[in-house]
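Below: the structure, in structure tokens.
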2 protein chains.
Amino acid sequence: MKPLALVIDDEVQIRRLLRFALEAADYTVCEADRGQLGLAEAALRRPDVILLDLGLPDLDGVEVLKRLREWSETSVLVLSVRDAEDQKIAALDAGADDYVTKPFSTPELLARLRVAQRRARPAEETTTFAHNGLQVDLTNRRVTVDGKEVSLTATEYALLRLLVRHAGRVITHRQMLREVWGSNAEEHRQYLRVYITHLRRKIERDPQNPVHIKTESGIGYRLIS
Amino acid sequence: MKPLALVIDDEVQIRRLLRFALEAADYTVCEADRGQLGLAEAALRRPDVILLDLGLPDLDGVEVLKRLREWSETSVLVLSVRDAEDQKIAALDAGADDYVTKPFSTPELLARLRVAQRRARPAEETTTFAHNGLQVDLTNRRVTVDGKEVSLTATEYALLRLLVRHAGRVITHRQMLREVWGSNAEEHRQYLRVYITHLRRKIERDPQNPVHIKTESGIGYRLIS
DNA sequence: GCTCTTTTTTATGATTTTTTAACGCTTTTG
DNA sequence: CAAAAGCGTTAAAAAATCATAAAAAAGAGC
């Protein structure tokens with residue numbers, strides 16, 4: 001997915017220039033010509049990065065930044081014609097990630113954008129499912145049963161992941177086949193029988209009496225949570 | 001606790017100026033007058049932020065940055081007299097968090113330092129890996145098996161480093177190819193097979209029955225930790 | 001230039017995974 | 001009750017993936 005950049009600037013030429021440069025660098029671009037609108041757009045579109053001009057007609061750029069930082073940590077690059085030191089410091093301390101003086105070099109701007117994006121990344125949260133001895137760590141792709149690691153094949157894991165994502169709810173045969181095997185395999189219910197057997201053999205204490213993967217006859221399967 | 005700043009610069013006047021400014025801003029400061037020493041200090045002292053001059057007598061600043069980024073994510077501000085655009089871009093893309101041209105304004109530098117610190121993540125960094133006779137020291141680029149040093153080629157080492165940094169987790173083929181060979185080599189899985197064979201021959205006691213690098217068929221590989 | 005090392009490409013056999021097929025059991029339906 | 005349909009299990013055939021060796025190409029050092 002292309003990253004989304006929000007340009008907040010009142011000058012149409014600058015916006016056009018930035019749009020051109022950003023799109024060439026494989027960003028999707030949205031624009032706002034005023035501070036209020038910029039904040040609204042930021043809330044609505046959730047851009048990956050914001051390019052903010054300081055000289056806006058309604059709100060001061062630093063004010064926009066402060067309001068934005070009340071709820072968002074999106075990377076913000078401030079663009080400004082003002083080269084005044086105190087202005088820079090104010091913007092940086094208000095939460096800007098970088099401050100670039102106009103006229104700027106486009107390649108440098110793009111490099112600084114890459115830095116901002118690189119830093120923004122993380123939030124490496126581990127999403128885990130756990131119930132009755134079965135643990136599925138979707139982030140690290142690890143499955144354990146009573147603490148012992150279980151090794152699954154690609155298809156087995158894809159199927160289990162789907163069940164985990166909809167844990168507690170019934171998933172239809174059709175849904176499973178489409179998600180795991182692709183939309184042209186929707187008729188191969190036998191695949192499911194085979195792989196559910198495989199999965200049960202690996203994750204159930206007693207595969208004959210499954211407690212994790214329940215069959216909903218005629219409909220599909222369900223992971224108990 | 002005061003934050004620790006590491007200054008890597010060969011000019012004593014600059015170091016003195018920075019030390020003065022940084023200490024006034026309540027940093028603890030340590031210094032290095034060349035690249036190799038700077039890297040060693042960074043590994044030893046674990047600074048919160050690094051100020052790096054590009055014009056060093058032994059190693060090029062960008063080279064220092066690249067080496068540092070092999071194992072550390074510490075914020076780095078590059079200071080340079082060179083204002084050349086391609087120089088800036090090279091440094092920023094090599095992992096610098098900011099690029100300030102000398103002569104710089106001290107208050108602005110401090111503001112940019114605050115930004116760098118704000119963005120810094122409290123990352124626990126893996127600098128050495130040790131398990132079952134295999135030792136990998138990322139700061140010194142040294143690999144030993146049962147105490148005996150093993151020599152790896154650049155590609156072999158890059159691959160092993162990637163595995164170490166994600167030790168215990170599965171790394172997909174795609175991830176490995178992108179990180180080691182670049183994003184336009186994502187289809188060349190055969191590279192991986194060849195290099196995993198090479199690595200195993202060098203680091204496994206019995207390459208036929210690997211205990212360190214496990215294959216996750218259809219997915220990728222995993223380093224056991 | 002030449003040699004030695006490293007990387008990339010090609011070829012082949014082994015291993016693992018996926019698909020297909022067969023059979024017995026249970027539940028539903030006429 | 002008997003036939004039909006759905007499910008679970010197992011085994012094999014087919015396909016995909018993997019490991020390894022070796023040749024070719026590219027690069028580094030002299």
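As a basis for the values below, the full set of heavy atoms in this structure was taken, side chains included, without hydrogen atoms, waters or symmetry mates. We name chains A, B, ... by the order of the sequence lines, and we start the count at 1 in each one.
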Starting at [atom1] of [X] and ending at [atom2] of [N], how long is that distance when rounded to a whole Å?
X: A/Y195; N: D/dT10; atom1: OH; atom2: P; answer: 16 Å
X: A/Q208; N: C/dG24; atom1: CD; atom2: P; answer: 17 Å
X: B/H198; N: C/dT5; atom1: NE2; atom2: P; answer: 14 Å
X: B/I196; N: D/dA21; atom1: CD1; atom2: C1'; answer: 17 Å
X: A/L199; N: D/dC7; atom1: CG; atom2: C1'; answer: 16 Å
X: A/E204; N: D/dG8; atom1: CD; atom2: C1'; answer: 13 Å
X: B/Y157; N: C/dT7; atom1: OH; atom2: P; answer: 14 Å
X: A/L159; N: C/dT17; atom1: CG; atom2: P; answer: 16 Å

Could you grab the distance from atom [atom1] of [X] to atom [atom2] of [Y], nearest 0.5 Å is fine?
X: B/L44; Y: B/T127; atom1: CG; atom2: OG1; value: 11.0 Å
X: B/K102; Y: B/R82; atom1: NZ; atom2: CZ; value: 10.0 Å
X: B/H212; Y: B/R200; atom1: NE2; atom2: CZ; value: 11.5 Å

Report task. Describe, in one word, how the ring planes of A/Y195 and A/H198 are oriented to each other, choosing from parallel (under 30°), tilted (30 to 60°) and perpendicular (over 60°). Result -> perpendicular
Query - Residue among A/H173, A/Q175, A/R174 satisfying side-chain hydrogen bond (donor to acceptor under 3.5 Å, both in side chains) with A/E186 - result: A/R174
Requested in this report: Kindly indicate, with the supporting measurements, whether the criterion side-chain hydrogen bond (donor to acceptor under 3.5 Å, both in side chains) is fulfilled by B/S217 and B/T215.
Outcome: CA-CA 6 Å; B/S217 193; B/T215 303; over 6 Å; no
Query raised in the report: Among all residues two or more places apart in sequence or in another chain, which pass the side chain to side chain contact (heavy atoms under 4.5 Å, CB included) test with A/E149?
Result: A/R142, A/T144, B/R222
Query raised in the report: Do B/Y191 and B/H188 get their side chains close enough for a donor-acceptor pair, meaning under 3.5 Å?
Result: yes
**Report entry** Under 3.5 Å side-chain donor-acceptor pair for B/R112 and B/S105
**Finding:** no
Report summary line: Across all chains, not counting sequence neighbours, the salt bridge (charged side-chain N to carboxylate O under 4.0 Å, His left out) partners of B/K214 are none
Report summary line: Applying salt bridge (charged side-chain N to carboxylate O under 4.0 Å, His left out) to B/D206 and not counting sequence neighbours gives none
Query raised in the report: Can you list, by residue number, the residues of residues 210-225 of chain B that have a non-hydrogen atom closer than 4.0 angstrom to DNA chain C?
Result: B/S217
Query - Proximity to DNA chain C (any heavy atom under 4.0 Å), residues of residues 149-156 of chain A only - result: A/T153, A/A154, A/T155
Requested in this report: Within residues 168-193 of chain A, find the residues that approach DNA chain D with a heavy atom at under 4.0 Å, and present them sorted by residue number.
Outcome: A/H173, A/Q190, A/R193
Query raised in the report: When you check the phosphate oxygens OP1 and OP2 of D/dT9, does a side-chain N or O of A/T197 lie under 4.0 Å from one of them?
Result: yes
Query raised in the report: Is the phosphate of D/dA21, meaning OP1 or OP2, less than 4.0 Å from a side-chain N or O of B/R201?
Result: yes
